[in-house]
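Quick note: numbers below take in every heavy atom, side chains included, and nothing from hydrogens, waters or symmetry partners. In the text below, chain A, chain B and the rest are named by the order of the sequence lines, each starting its count at 1.
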Number of protein chains: 2
Amino acid sequence: MGVTENQSSAKLTRKEQIENTATALFKERGFSATSMRDLASEVGIEAASIYAHVRSKEELLQSICFKMAQEFFGELAGIEAQPVTFTQKLRLIMAAHVKLITRNVAASAVFLQEWRHLSEPHLADFLQLREKYEQRIRTLVRQGIEAGEFVPTDDRFVTRTLLSSLNGITQWYKLDGELSPEAIANGLADLFLTGLVSHKDDRPKYH
Amino acid sequence: MGVTENQSSAKLTRKEQIENTATALFKERGFSATSMRDLASEVGIEAASIYAHVRSKEELLQSICFKMAQEFFGELAGIEAQPVTFTQKLRLIMAAHVKLITRNVAASAVFLQEWRHLSEPHLADFLQLREKYEQRIRTLVRQGIEAGEFVPTDDRFVTRTLLSSLNGITQWYKLDGELSPEAIANGLADLFLTGLVSHKDDRPKYH
DNA sequence: TACGTAAACTAACGTTCGTTAGGTATGCCA
DNA sequence: TGGCATACCTAACGAACGTTAGTTTACGTA
């Protein structure tokens with residue numbers, strides 16, 4: 001039946017139920033392909049009744065996008081200031097990013113994919129936030145390069161690749177999956193920092 | 001069927017114009033948020049006139065998705081059979097993937113993001129193709145691990161991460177950008193194979 | 001018991017959607 | 001020259017859209 005498992009719906013307000021269900025539907029079908037009647041039917045009420053709790057369809061999207069943006073920024077601030085190597089900072093950021101995404105896969109997916117349906121001026125605000133987030137990670141990468149910790153590469157390109165991998169998690173992560181968020185974070189960090197190629201001095205021989 | 005079948009690549013048929021414009025709009029606004037009237041207006045005709053060239057809106061999406069799927073599979077076959085190391089095979093696949101994406105960013109983006117709006121049975125067919133593609137890359141990764149070329153890791157996870165990075169290119173690549181497809185392919189391969197951390201024996205010290 | 005409020009309902013609004021029907025101008029070929 | 005196909009047009013269909021208005025129901029409190 002339901003797209004959402006509002007397991008303890010007794011504890012949730014109607015508004016929260018609506019928001020959670022909207023998040024799940026927006027992720028699954030996309031914002032534009034989700035109608036207020038779809039949403040209402042999933043919640044178990046009529047479409048018109050939604051407007052007792054929410055001003056508009058787009059307000060739901062705004063709420064999801066900006067709430068997630070705020071969460072992502074929150075993680076960042078605590079990490080940048082720590083007195084550790086850039087390698088370790090990058091590990092911490094990856095771990096925080098993964099934790100946030102896996103804790104709320106649907107909201108993250110909406111945040112990452114459906115923001116383009118925001119109308120102005122929210123769209124411009126949102127894009128500015130995104131740009132700032134990427135910039136701050138890019139700065140860390142650049143500093144790591146300048147410090148000699150990282151191989152000299154294009155910091156913008158590395159950052160984008162890193163973020164693609166992190167954000168791609170929303171597309172395959174399942175709560176009942178075999179990989180824990182911690183395992184994912186470590187796997188990602190190892191992959192990006194030390195690479196896939198085996199570094200034994202004797203390289204693999206083919207026979 | 002007329003004598004004047006269009007062979008020239010310079011001049012596009014109306015149908016091709018419609019398909020190209022649809023691809024661009026589907027990427028930019030998403031399939032659901034793009035109306036036939038939007039598409040028609042962009043092409044410079046009336047919405048109803050589109051149906052002289054195309055059966056339905058969804059046929060446009062099907063055409064884009066399955067054409068791209070076919071192209072991706074085409075690249076794969078030639079690489080798997082080559083008598084080179086798995087490392088080199090992975091490099092070749094990454095290069096081919098990047099080339100394909102950068103050659104047609106919009107179609108790739110639609111292929112990667114809008115497929116969920118396909119209706120059955122096309123959706124099931126499409127998902128099967130996607131699954132097969134991932135599986136074949138995963139097999140290469142696993143073989144590389146078994147051969148000792150790659151560090152022992154979760155091949156499924158590594159493949160997903162790799163594909164996320166590759167597919168993420170559609171989100172930031174611009175034709176007039178500073179990075180060439182070749183540079184992107186090499187950068188990606190280096191990053192995934194040898195990692196970000198500098199491997200000089202004297203590691204940077206922090207105090 | 002009466003009242004106020006919140007949250008649901010039914011009905012409907014104006015708009016937009018994908019798509020079809022039917023007509024018209026243009027150009028090729030018998 | 002006449003006939004026919006192509007490619008466009010206008011008009012309109014029924015359905016679905018987001019949203020509003022007005023009404024009913026359920027319930028805690030005076």
Whole-Å distance separating the [atom1] atom of [X] from the [atom2] atom of [N]:
X	N	atom1	atom2	value
B/Ile50	D/dT6	CD1	C1'	17 Å
B/Ile18	D/dC8	CD1	P	7 Å
A/Asp38	D/dT19	CG	P	14 Å
A/Tyr51	C/dA12	OH	P	19 Å
A/Arg55	D/dG18	CZ	C1'	16 Å
A/Phe31	D/dC17	CZ	P	13 Å
B/Glu46	C/dG22	CD	C1'	16 Å
B/Glu59	C/dG18	CD	C1'	14 Å

Exercise for review: Applying side-chain hydrogen bond (donor to acceptor under 3.5 Å, both in side chains), run through A/Glu46 and A/Ser49 and close with a yes or a no.
Suggested key: CA-CA 5 Å; A/Glu46 291 299 314; A/Ser49 305; over 6 Å; no

Check your understanding: Would you say A/Lys89's side chain and A/Val141's backbone share a donor-acceptor pair under 3.5 angstrom?
Key ->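 It does not hold such a pair.
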
Point to revise | Residue mapping more 5' on DNA chain C - nearest nucleotide basis, B/Ser56 or A/Arg37 | key: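 With A/Arg37 and B/Ser56 compared, the 5'-side residue is A/Arg37.
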
Where the side chain of [X] is concerned, which of [options] is the nearest nucleotide?
X	options	value
B/Lys57	D/dT19, C/dA8, C/dT19	C/dT19
A/Ser35	D/dG18, C/dT10, C/dG18	D/dG18
B/Ala52	D/dT10, D/dC8, D/dC17	D/dC8

Study note, to complete from the structure: Protein heavy-atom contacts under 4.0 Å, written 5' to 3' over nucleotides 21-26 of chain D as B (base), S (sugar-phosphate only) or - (none), form the string B-----

Check your understanding: Can the positive tip of B/Lys57 be found less than 6.0 Å from the middle of the six-membered ring of B/Tyr51, inside 45° of the ring normal?
Key ->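 Cation-pi check for B/Lys57 and B/Tyr51: fails.
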
Check your understanding: A/His53 side chain N/O closer than 4.0 Å to the phosphate oxygens (OP1, OP2) of C/dA8?
Key ->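 True: A/His53 side-chain N/O within range (under 4.0 Å) of C/dA8 OP1/OP2.
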
Review point. Is there any salt bridge (charged side-chain N to carboxylate O under 4.0 Å, His left out) pair reaching into residues 156-181 of chain B, and which pairs are they, with sequence neighbours excluded?
Key: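 Residue pairs passing salt bridge (charged side-chain N to carboxylate O under 4.0 Å, His left out), neighbours aside: B/Glu134-B/Arg160.
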
Exercise for review: Can you sort out the partners of A/Phe111 under ring-ring contact (aromatic ring centres under 6.0 Å, His included), two or more places apart, ordered by chain and number?
Suggested key: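 Testing A/Phe111 for ring-ring contact (aromatic ring centres under 6.0 Å, His included), a comparison that skips the adjacent residues, returns A/Phe72, A/Phe126.
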
Review point. Can you name the closest pair of heavy atoms from B/Leu25 and B/Leu39 and give their distance?
Key: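 Where B/Leu25 meets B/Leu39 most closely, the heavy atoms are CD1-CA, 3.7 Å.
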
Considering every strand and a 4.0 Å limit on heavy-atom distances, what is the contact class for [X]: base, sugar-phosphate, or nothing?
X	value
A/Ser32	nothing
A/Arg14	sugar-phosphate
B/Ser49	base

Point to revise | Worked verdict on B/Phe73 versus B/Tyr133 for ring pair (Phe, Tyr, Trp, His ring centres under 6.0 Å) | key: CA-CA 7 Å; B/Phe73 270 103; B/Tyr133 186 77; 5.7 Å; yes

